[in-house]
Amino acid sequence: MKGIRWLMVLSFLGILGGIPFANKVTPYVLGMPFILFWLVAWVILTSAIMAIVYRFDPEVREEERT
């Protein structure tokens, strides 16, 4: 299950790696410039990804048993 931890890299790439590609102001999404929407969306997605990693991490399951 070490592969599930690679999801954390996805968060890193989405926030920091996606900024040069999403650096636009003109398309407004939900009243925000696109770059701001991109960052807010990735912060929310990062929270969901971390919850998934926590849920399926075998070390956490082992600690909960003791």
Side-chain angles (χ1 to χ4, degrees):
M1 285 304 273
K2 291 183 181 180
I4 196 79
R5 293 184 181 168
W6 280 99
L7 284 174
M8 293 184 281
V9 175
L10 180 66
S11 297
F12 176 78
L13 291 175
I15 290 177
L16 295 179
I19 288 179
F21 302 107
N23 193 9
K24 299 176 182 158
V25 177
T26 51
Y28 285 91
V29 181
L30 299 175
M32 296 182 282
F34 185 71
I35 186 72
L36 181 61
F37 172 76
W38 180 268
L39 291 173
V40 169
W42 272 105
V43 167
I44 294 169
L45 285 172
T46 298
S47 299
I49 288 171
M50 292 302 145
I52 291 169
V53 170
Y54 181 79
R55 173 74 173 97
F56 291 108
D57 192 6
E59 292 179 13
V60 172
R61 289 184 190 173
E62 187 174 304
E63 289 177 7
E64 288 177 353
R65 290 182 193 163
T66 60

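For this chain, numbers begin at 1 and follow the sequence in order. Everything numeric in this text was worked out from a predicted model, so none of it was measured.
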As an exercise, state the distance from [atom1] of [X] to [atom2] of [Y], rounded to the nearest 0.5 Å.
X	Y	atom1	atom2	value
Ile49	Leu7	CD1	CG	6.0 Å
Thr26	Phe34	OG1	CZ	10.0 Å
Ile19	Leu13	CD1	CG	12.0 Å
Ile15	Thr46	CD1	OG1	4.0 Å
Leu39	Ile44	CG	CD1	11.5 Å
Ile52	Ser47	CD1	OG	11.0 Å

- Do Val43 and Val40 belong together in a cluster built from hydrophobic side chains that touch within less than 4.5 Å?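 In one cluster with Val43: Val40, no.
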- Item | Within one Ile-Leu-Val-Met-Phe-Trp-Tyr cluster: Phe21 and Phe12, side-chain cutoff 4.5 Å | no
- Query: Quick one: are Val53 and Met8 in side-chain contact, heavy atoms under 4.5 Å?
  - Reply: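 Touching, per the 4.5 Å side-chain cut-off.
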- Nearest heavy-atom contact between Leu10 and Trp42 is O-CZ3, 3.7 Å
- Item | Any donor-acceptor pair under 3.5 Å from Trp38 side chain to Gly14 backbone |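 Side chain of Trp38 to backbone of Gly14: a pair is present.
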